[in-house]
Structures are given as structure tokens and as C-alpha cells.
Amino acid sequence: MRELQAPKGVSEYFPPRSQYFELVRETLIDSARTAGYSLMELPVFEDTELFKRGVGESTDVVSKEMYTFEDRGGRSLTLRPEGTAGVMRSVIENNLDKLMLPIKVWYSGAFFRAERPQAGRYRQFYQVGIEAIGLNDPEIDFEVIAVADRAFKKLGLESYRLEITSLGDAKSRASHRKDLVSYISKLKLDDATLERAALNPLRLFDDKRPEIREAMASAPLLLDYLSPESKENFARVQELLNSAEIKFTINPLMVRGLDYYTGTTFEFISDKLGAQSGIGGGGRYDGLMAELGGNDLSGIGFGLGVDRVLLACEADGIFDASINKSDLDLFLIALSSDEKAFVSNLVNQLRNQGIACDMAYGDRALKGAMKSADKSGARFSAVIGADEITSGLVALKDMKSGESKEVRISSLAEEFKSN
RNA sequence: GUGGUCGUAGCUCAGCUGGUAGAGCACUCGGUUGUGGUCCGAGAUGUCGCGGGUUCGAGCCCCGUCGAUCACCCCA
């Protein structure tokens, strides 16, 4: 075993797989940009209090999964376990809510949760998220879901599905909670389960044990307690999804792990990932900004798991052939060490003109150098010896077809720019 | 955090009832003078995750530990 190894449970991406990670992340981000969202770049650690108040102390995320530490000034800081709380904090702190609403932002980066690792569940993981703050239109709810769905479709992902529900407004939840608690109180449950029920009775809907499922089968559903406004809102979201031909199922048992969710709530699930099947999820949060000391504005957003979307894409086999392995246009080879300085210079000039190119380093024989050219994935290669330097002409070889054509060294850049 | 499985060359793995390690792929070089992807030949590579123990002797057995993985929990 090596002396030094990565900390437990972190995900790492290096070539060649990193190109797929990058593609996934960029596709998710691009979908957000296309819908008018702008970048928000935030710190990876925040005041611990932000997550306690924002995410909720009763949640597992806050109560037992946070990386919390004290800095040298005695401040309690926490590595961000999710993105929404930080966005809200920054919006409030920088008075962004005084601008024209809604505020539409996206973020991307690493998040941290001290859970027991598993495939698709890491202690440092990556998310791309968006937040739309300041409007309560069902059209915005639809937009947020559509941004995620469009990104998945663009990637070519097929093995995923969308589940939605509505957690209603405060009134809806209060009346439901009363009935649910009384229903649960009549069940015979073990201590651990009772404890969870006391923190959030909705959690029992999410229990995978058959006996609990059975016991909860006739429990009162939140969806049946929605206020008229919530009901109408939820119906409108469904209409919009239908007309956009975004397939979904309503899952009245869906429970989210973060306390701030209200109203429209959704999850994207891949069936090919085993237990860690959620590739993204989100929902509306009515009281969050006010809770954190800002204006009482509602918002909605999602967080998509880049690691898991990548895993799902791989499970669907969509990276097999379709993707170009390299961005290189040209790979240059110096026939002998006499031409190396010339080639190095040429490569540098071509790069200055925006041509993506590389060259054979080291003192490999031509055969080995050609192998490097092949492996680089460059579209074209060219060998430069004394003859080429005196004549000013090179044979530009198309690596796919194997054919080559004569081109002036001085007009190499133009050759690629016109393509 | 709880329980199960696993940990051998860069990768995927083999290694018989304990006798000090192999294959395929990848890699490097070569198959006569300046052209890769196929073929043929040659070569390099491992403290068998780590630490203890049992034994004349352990990759194979036992304990611990680290890590991965599966399920629960939770969630991206």
C-alpha cells in the first residue's frame, strides 16, 4: 500500500474518464445558461450556523454528516453539504433581491457529506445546481424541471425517470401533520424509527422495510391535504410538463432530506444505479430566505449529481463511440533532433493562432512518434525533416483515412482555420 | 453510523488440499534507411493493501487495520 492515499470516499476524475466528467458537467451547465441562468461562485465552507438554520437541524445531513471544524480564529465553519443555503446567504448579503426578480443563478462545484461511501455516494461529490428566486409562478417550477430534463436528454441519457409531488404550503402541511402524527402514534414501532418519526413524520413514508411499508400503506397523504392554491399550482405544473412532453409520475410518498422544501418537489431517478439512484432533485422553498434573515421571497431550484449522472451515462453506454477523444487538430513530429527546435517553435506559433496542436517529445524513433500521434487523437499529423524545412512543404496526413496532402508550412494555420 | 463481500503487475483477473507468483490487455524495443491503427518477435513490471499471529514454511489460515464494494440508513 502506498504511504499516501486519497481520503476515504472521495471521487477523482483523471484521463481518460475525466473527459466524460467534463462533458457531463458542461452539458448540465449549458442547459442552465440556455435558460438564462448566470454563474454564482461561492465559498466551499460557510458559517456552520447557515446550514443549521437553512437545511434544518433535524436532518441527517446536518445532524450527522457535516464536516465541521474550527478555524484559527475560533469560528465554527462547515464544508458545504449542499448549495441552496449558500446561494440564499449570498443573495441576502449582497442585496441581490433588490434587483429585478427573479434572480436566476447556477453553480457548480464540490460538496461534502461524511457518509459511509458507496458507488455513487462520495464524501466529496460534485453538483450542478440552479436557483430561481423571487417568483411563485408554476411556470418557473416547470422551467427548473425542464432545464434538468433537457440536459439529460442532450446527454443521451435514457434510463431515468422523473417523480414529482407537492408538499403544499404551510397550512396544508400543518393539518396533514396533525393527522399523520396521530396515525403513527397507533403503530408499534422500534425506538430508532420512533425517533425519526418524531423529527419528521414524513420520513416513515420513505422507509424501505416491508413491515413499515405495510404499516404506512393507509397513512394519510399530504397530497390529499393541499390547500386550493397549492392544488391549482401543482395541477398547472403538471399541465406544463405534459405539454412539453416531459414524462413524470406523481409520487405522493416522496420525501426530501432537506427540511426547507415546500410546494413543487421533484426527483430524477436512474434505475441502473443500485441504491444510490437519485441523479438529481429539488423543489420549492417558501420560508428559507426569511429564515436566513432576508426578505420573505420564495424560490425553487435543483441540485444534480455530476458523479451519478456520469455513472448513469456509462450504464447506458452512451460514451462508447460517439465522443471525440481529443480536441487536437494537429500532431507534429520532428524527424531528428535537428528539427526539434524548429517544430517546437512552429507548434508554439500555431497555438498562438488558436490551433490546437501538440508534438512528439523525447527522442523516439519515427514509429514510436507516430504511435504518440495516434494516441493523441489528433485529426492530422505531419513529419518535419530537413527536406520539409528547405522546401517549406509538409505532407499533412489525415489520421483517419491515412491519406495525405501537401501543404505549405507557412499556411498551416489557415488550413485549419478554414476547416 | 450498522451488517455482508472483496483487496494479487498500469488494467481485467488466474494461482490446485498452505511450499517464497502467472495470463490477457496496455507499455518499451525490434521486424534494416522518413510514417500510426493489423500481424510477428523480444523485453521491463509486483515488499500478493498494510500490521501482527499460527506454521519448518502463508497470496492462500486467524486477528486487527486501511480501502473499495453491496444492502440498510441517507441522498447527489
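Quick note on labels: first sequence line is chain A, next is B, and so on, each numbered from 1.
Residue A:Ile279 is in sugar-phosphate contact alone, with no base atom involved, counting any heavy-atom pair closer than 4.0 Å across all strands shown. Within the nucleic acid shown, A:Glu388 comes within 4.0 Å of at least one base atom, counting heavy atoms only. Here A:Asp60 lies in heavy-atom contact (under 4.0 Å) with sugar-phosphate atoms only. When heavy atoms are screened at a 4.0 angstrom cut-off, A:Glu65 is found touching the sugar-phosphate backbone but no base atom.
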Between N or O atoms, less than 3.5 Å apart, protein on one side and nucleotides 3-6 of chain B on the other: list the pairs.
{"unit_1": "B:G3", "atom_1": "O6", "unit_2": "A:Arg116", "atom_2": "NH2", "d": "3.2"}

Which protein N or O atoms sit under 3.5 Å from an N or O of nucleotides 26-29 of chain B?
{"unit_1": "B:U28", "atom_1": "OP1", "unit_2": "A:Arg364", "atom_2": "NH2", "d": "3.0"}
{"unit_1": "B:C29", "atom_1": "OP2", "unit_2": "A:Arg364", "atom_2": "NH2", "d": "3.4"}

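The base of B:G37 lies outside donor-acceptor range of the side chain of A:Asp374, with no N or O pair under 3.5 Å. Taking only distance into account, the side chain of A:Lys367 meets the base of B:G31 through a donor-acceptor pair shorter than 3.5 Å. Donor-acceptor pairing under 3.5 Å, judged by distance alone, is absent between the side chain of A:Glu339 and the base of B:G34. Judged by distance alone, with hydrogens and angles left aside, A:Gln124 brings no side-chain donor or acceptor close enough to the base of B:A76 to form a pair under 3.5 Å.
Between A:Phe268 atom CZ and B:A76 atom P there is a gap of 13 Å when expressed in whole angstrom units. Look at CD1 on A:Ile212: it is 10 Å from P on B:C73, rounded to the nearest Å. If you measure from atom CG of A:Asp206 to atom P of B:A71, you get 15 Å, rounded to the nearest angstrom. To the nearest angstrom, C1' of B:G10 lies 11 Å from CZ of A:Phe14.
Look at A:Glu267 and A:Arg256 and you find a salt bridge, because one of the NZ, NE, NH1 or NH2 atoms lies within 4.0 Å of a carboxylate O, short of that distance.
Spacing of C1' atoms, B:G3 relative to B:A9, comes out at 33 Å, to the nearest Å. When the P atom is compared between B:C70 and B:U12, the two are found 15 Å apart, to the nearest whole Å. Taking the C1' atom of each, B:C27 and B:U69 are spaced 29 Å apart, rounded to whole Å. Straight-line distance between the P atoms of B:G10 and B:C48: roughly 12 Å, to the nearest whole Å. Rounded to whole Å, the separation between the P atoms of B:G49 and B:A14 comes to 14 Å.
Stacking annotation: A:Phe125 is stacked on the base of B:A76 (ring centroids less than 5.5 angstrom apart, interplanar angle below 30 degrees).
Note on ring orientation: taking the six-membered ring where Trp is involved, the planes of A:Phe45 and A:Phe69 are perpendicular (angle over 60°, cut-offs 30° and 60°). Ring geometry for A:Phe416 versus A:Phe380: interplanar angle over 60°, hence perpendicular rather than tilted (30 to 60°).
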*RNA chain B base-pair string [pairs: Watson-Crick or G-U under 3.5 Å; |: paired with another strand]*: (((((((..((((........)))).(((((.......))))).....(((((.......))))))))))))....
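Phosphate contact (OP1/OP2 of B:A68, side-chain N/O of A:Gln118, threshold under 4.0 Å): absent. Taking only side-chain nitrogens and oxygens, A:Lys8 comes nearer than 4.0 Å to OP1 or OP2 of B:G67.
Put simply, the side chain of A:Ile384 reaches to within 4.5 Å of the side chain of A:Leu346, judged on heavy atoms.
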